[in-house]
Every structure is written in C-alpha cells, then in structure tokens.
Amino acid sequence: MFWVSALAGGGFILLQSLMGLMGMDEDGHHDHAIHAGEGLNLLSLRAVAAGLCFLGLTGLAALEWGFPRLLALPAATLVGVGAALGVAYVMRGMKRMETDGVLRVEGAVGHPATVYLSIPGGRGAPGKVHLFLQGRTVEMNAVSRDPLPTGASVMVVDVVDPDTLEVAPQPQLGAVADAY
C-alpha cells in the first residue's frame, strides 16, 4: 500500500511538473486565465498527489526503521495530511499573488499627482504627471484648465482617454477655509 501511494503521488507530481513546463494547468488546458483562489482546496490534484506521495514515503520509511505496522499507518497518514494541507496553503498563497498587470486608468480619479512636465492649460496640449497607481509610480499625459508648473501638486479629476488624465490644482489648506 505504501509503495502504491508513493508511486502514484510521485507520478502525479512529476506529470504536473511536466505540464507546468508546457504552460498547462492541472486540467490539461493552456493556462492563460487568472484564477483568484480564496478557499483552501484540499481536493486539488496537487494537494492529493502530495498527500499520497508523503503518506507512502513516510510509511515506507517507518517500516524500514522498524516501526510496527499499526504505528506506521497513523504516522504516514498524519504526514500525508500535513503535506496536503501545506500544498493547499502554498497554492492558495500563490494564486492570491497572481495579477494581470494591466493598468486601470479609471482608478486614478481622485488620486494626487505631481506635475512632471508643465501643463500649458486650456485643456490643449498635454503635460505629464507622476502618480502612484495600483502599487507603482506611473507617468501619464495630463491636461488642465489652468496652467500648472513642474512640481505642482494636483488631483486627478477625470480620464480624458486611456493615455491622458485631466488634473486640477490641489487646494491649499487655508484656501478651502477662506472660500467659505
């Protein structure tokens, strides 16, 4: 039983490794889609294969070391379940880290930015701004109704097109109070 478990689990692990090198998921499809795994999938092929492999190897090692058969099976089962849990936790963590890397410009509205290349104003020719979006600093074209010098602090108020933002000067703390 331990030999069958070790060989079956190890065989599935080897097969999955080869499929991964060819860019295929565990169903045999090319893996282009991003799947967000929230739950702990103990019944995934990876987790079951790891559990079987470690159950078999632990049982074989326990018998080799002279453990009685009645102790080898529970010890091997415990290690196999631990391996399946470990693989399931690792896979869940890896799936949470997956991202498509696409910059979603519409998420910039309301974010602060800094003028990098002056903006002439009148929403004519664009300047450039730097802003922090989706965990990274990006440089975008920007237009404004008012002329804005390099280094000015601005707020993104609209997305003109996928490459251009509309910005407005950020109000100064005292200016907001004086307006009322």
Side-chain angles (χ1 to χ4, degrees), residues 12-51 54 82-180:
F12 278 118
I13 291 171
L14 180 62
L15 180 64
Q16 283 199 324
S17 297
L18 292 173
M19 287 171 52
L21 289 174
M22 293 186 294
M24 300 170 92
D25 63 11
E26 62 184 57
D27 296 325
H29 300 105
H30 285 281
D31 195 13
H32 297 295
I34 301 299
H35 307 287
E38 291 300 319
L40 190 62
N41 192 357
L42 285 173
L43 298 178
S44 74
L45 191 56
R46 285 181 179 96
V48 170
F54 276 84
L85 276 170
V87 167
Y89 274 114
V90 168
M91 294 308 299
R92 181 177 68 174
M94 288 173 58
K95 286 185 180 197
R96 284 184 175 172
M97 291 189 305
E98 291 178 347
T99 180
D100 59 8
V102 173
L103 184 64
R104 289 177 178 78
V105 181
E106 60 277 359
V109 175
H111 280 90
T114 304
V115 177
Y116 175 63
L117 288 176
S118 62
I119 302 171
R123 294 190 66 184
K128 291 199 180 277
V129 294
H130 283 165
L131 71 147
F132 193 72
L133 184 62
Q134 291 175 225
R136 60 185 181 213
T137 301
V138 295
E139 182 178 295
M140 300 282 302
N141 291 330
V143 295
S144 175
R145 292 188 173 119
D146 305 313
L148 298 167
T150 299
S153 294
V154 295
M155 181 73 63
V156 178
V157 294
D158 195 13
V159 176
V160 177
D161 62 50
D163 298 322
T164 308
L165 304 173
E166 181 179 354
V167 297
Q170 278 192 348
Q172 303 301 320
L173 287 176
V176 172
D178 293 339
Y180 295 102

A.B. asks: Taking V129 as the fixed residue, which of L148, L117, V154, V138 is the one that meets the side chain to side chain contact (heavy atoms under 4.5 Å, CB included) rule?
C.D. replies: V154

A.B. asks: Using the side chain to side chain donor-acceptor pair (under 3.5 Å) criterion, which residues pair with H111? Sequence neighbours excluded.
C.D. replies: none

A.B. asks: Give the minimum heavy-atom separation between A84 and A47, together with the two atoms involved.
C.D. replies: CB-O, 3.4 Å

A.B. asks: How far does CZ of F54 sit from CD1 of I13, to the nearest 0.5 angstrom?
C.D. replies: 7.0 Å

A.B. asks: D146: what forms a side chain to side chain contact (heavy atoms under 4.5 Å, CB included) with it, not counting sequence neighbours?
C.D. replies: S144, P169

A.B. asks: Going by the rule side chain to side chain contact (heavy atoms under 4.5 Å, CB included), which residues pair with T164 if we only count those two or more places apart in sequence or in a different chain?
C.D. replies: N141, V143, V160, D161

A.B. asks: Between M155 and P112, which heavy-atom pair has the shortest distance, and what is it?
C.D. replies: SD-N, 3.9 Å

A.B. asks: Going by the rule side chain to side chain contact (heavy atoms under 4.5 Å, CB included), which residues pair with P120 if we only count those two or more places apart in sequence or in a different chain?
C.D. replies: A125

A.B. asks: What are the two closest non-hydrogen atoms of Q134 and R104, and how far apart are they?
C.D. replies: OE1-N, 2.6 Å

A.B. asks: Could I get the full list of ring-ring contact (aromatic ring centres under 6.0 Å, His included) partners for Y116, not counting sequence neighbours?
C.D. replies: H130

A.B. asks: Rounded to the nearest 0.5 Å, how far apart are NZ of K128 and CE of M140?
C.D. replies: 9.0 Å

A.B. asks: A108: which residues meet the side chain to side chain contact (heavy atoms under 4.5 Å, CB included) condition with it, sequence neighbours left out?
C.D. replies: L131, L133, V156, L165

